[in-house]
Amino acid sequence: MKKVNVGIIGLGTVGGGVVRTLIDKQAIISDKAGIAVSVVKVFDSDTRKARDLHIPQGLIASDAREVIDDVNIDILVELIGGIQPANDIIIGALCNGKHIVTANKALIASYGKELFEIAEQLGCSIGFEASVCGAVPVIKILNESFSANSIQLLYGIVNGTSNFILSRMALHHCSMKDALKEAQARGLAEANPKLDIDGGDACHKLCILAMLAFGKFVKPGEVYVEGIRQLDLQDMIYAKDWGYDIKLLAVGKRISNSLELRVHPTLVPADHLITSVKGEDNAVFIKGDMIGESMLYGKGAGRTPAASSVISDIMDISRNIGLSGTSSPFRIRKTEGILKIADIGDLVSRYYLRFLTIDEPGVLAAVSSILARNKISIATVSQIARKQGQAVPIVMLTHEAKESAMNKALKVIDRLPMVKAKTVRIRIEK
Ligand code: HSE
């Protein structure tokens, strides 16, 4: 039987799962891949990790270079995350003719184009299934199963930590702070959860999905991003009364020759399939010209779900090596006529608005006349409490309006003397 040798750099949560599975299930993985797949070298800068994983001493490298330069290694698996030194490790391994498997969403989102070009020139492939939504095979499905489609829309719950926080707030009526503490206690959120709750992680994943769905390389800075940090429980409760849940969505939408890319808290109808995605689970809803609507659902993170996707990439590449001696590079499709990323100001959306205003005659008239001047039409309005002369919330749903007009209107409204706090604005998705 032919043989494929694998080297792994990074033995954290995912790397640990990958190396143990490859060792423990070697026979079955090799059988399914049709070629013997063996781990021959691993490295982590924290030497305790290899020991804790009971990795045979002979497989442990003393530095990353030993793995990158090992001529016997066919596939290098990079699982350290972040931009550097991951980028140098991958480029070094590609230059040595190795195929790559990675779960590194920040790197693929930021430098995927450059890495795929290098890989293509050198005839190597890069597997990155685990970079988006853990065990959910969305990369493969967009790249293979749905490849005949023109994708019109995708939106995803792609950050498990924020979905856990929002689900917990909705279920237990607790604050964002308490829900975050619980996520941290369960080991979901990082000690510094910035990337999760401020939308950065979802933005990286959206860049990768956009590349696959719309054939457009997008840098994280081109995506409009708003996280969940400012979300208040009362908005979840008011939204619920009107038949909506609030989810952090990563949205990619084709509007003629431009592409909307945005990550933000969103009101979604409570009976939409995607609102059934609770806790740390992930899902991606996709609309294509041939498939109609489809939703992929599953575990978005964690040791074994992410390891499952990493190993499936290793097996794919191994299978190709077994069949043809090599594995063909990942090829991005043409941009399908998408010329630009839409400006968020050009977005046309319905909105949820919560004003905090003094309860006195004429307030609603003042607010609605400013909205009217900016061509924003009100669909529903409700004043939540009656406290004459004191501040009360007024909650509103609007018809479709332009984001730039909404910005203009809210700027004026928030300066009115009877408006006592910055107005909360949440976009609505059908
Ligand atoms: N931190 C991510 C999440 C998991 O909460 O979904 C890794 O992508």
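One-based numbering, in listed order, for ligands and for the atoms of each. Only a predicted model underlies this, so the values are computations on that prediction, with no experimental measurement involved. Below, all heavy atoms of this structure are taken into account, side chains as well, without hydrogens, waters or symmetry copies. Each residue takes its place number in the sequence, starting with 1.
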Trainee: Using a 4.0 Å heavy-atom cut-off, say whether D201 meets ligand 1 through its side chain, its backbone, both or neither.
Mentor: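 Answer for D201: side chain.
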Trainee: Could you check R262, K253, K402 and say which one makes a salt bridge (Lys or Arg N to Asp or Glu O under 4.0 Å) with D346?
Mentor: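 Running salt bridge (Lys or Arg N to Asp or Glu O under 4.0 Å) over R262, K253, K402 with D346 returns exactly one hit, K402.
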Trainee: Judged by non-hydrogen atoms, does K205 sit under 4.0 Å from ligand 1?
Mentor: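 True for this residue.
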Trainee: My understanding is that we take every heavy atom of each candidate and find the minimum distance to atom 7 (C) of ligand 1. Doing that for K105, H204, K299, which one comes out nearest?
Mentor: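 When every heavy atom of K105, H204, K299 is considered, K105 comes closest to atom 7 (C) of ligand 1.
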Trainee: Should you measure from each heavy atom of A301, which atoms of ligand 1 turn up under 4.0 Å away?
Mentor: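 Counting from 1, the qualifying ligand atoms are 4 (C).
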Trainee: Taking 4.0 angstrom as the limit, do K247 and E429 come out as a salt bridge?
Mentor: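 Result for this pair is no, no salt bridge flagged.
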Trainee: Could you find the nearest protein heavy atom to atom 5 (O) of ligand 1 and give me its residue, atom name and distance?
Mentor: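 The answer is T161 OG1, 2.5 Å.
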Trainee: Considering only heavy atoms of G160, which atoms of ligand 1 have at least one such atom less than 4.0 Å away?
Mentor: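 Those of ligand 1 that fall under 4.0 Å from G160 are 3 (C), 5 (O), 6 (O).
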Trainee: Tell me whether E114 is salt-bridged to K219, with the criterion being a basic N under 4.0 Å from an acidic carboxylate O.
Mentor: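 K219 and E114: salt-bridged.
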Trainee: For the aromatic rings, using the six-membered ring if either is Trp, is the centroid distance between F128 and F330 under 6.0 Å?
Mentor: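 That pair passes the under 6.0 Å test.
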Trainee: Is K49 salt-bridged to D52, cutoff N-O under 4.0 Å?
Mentor: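 Not counted as a salt bridge, because no side-chain N and carboxylate O are separated by less than 4.0 Å.
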Trainee: Should D196 be counted as touching ligand 1, given the test is an N or O pair under 3.5 Å?
Mentor: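 Checking ligand 1 against D196, an N or O pair does fall under 3.5 Å apart.
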Trainee: Kindly give the heavy-atom pair with the smallest separation between T21 and I29, and that separation in Å.
Mentor: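 That would be O-CD1, 3.9 Å.
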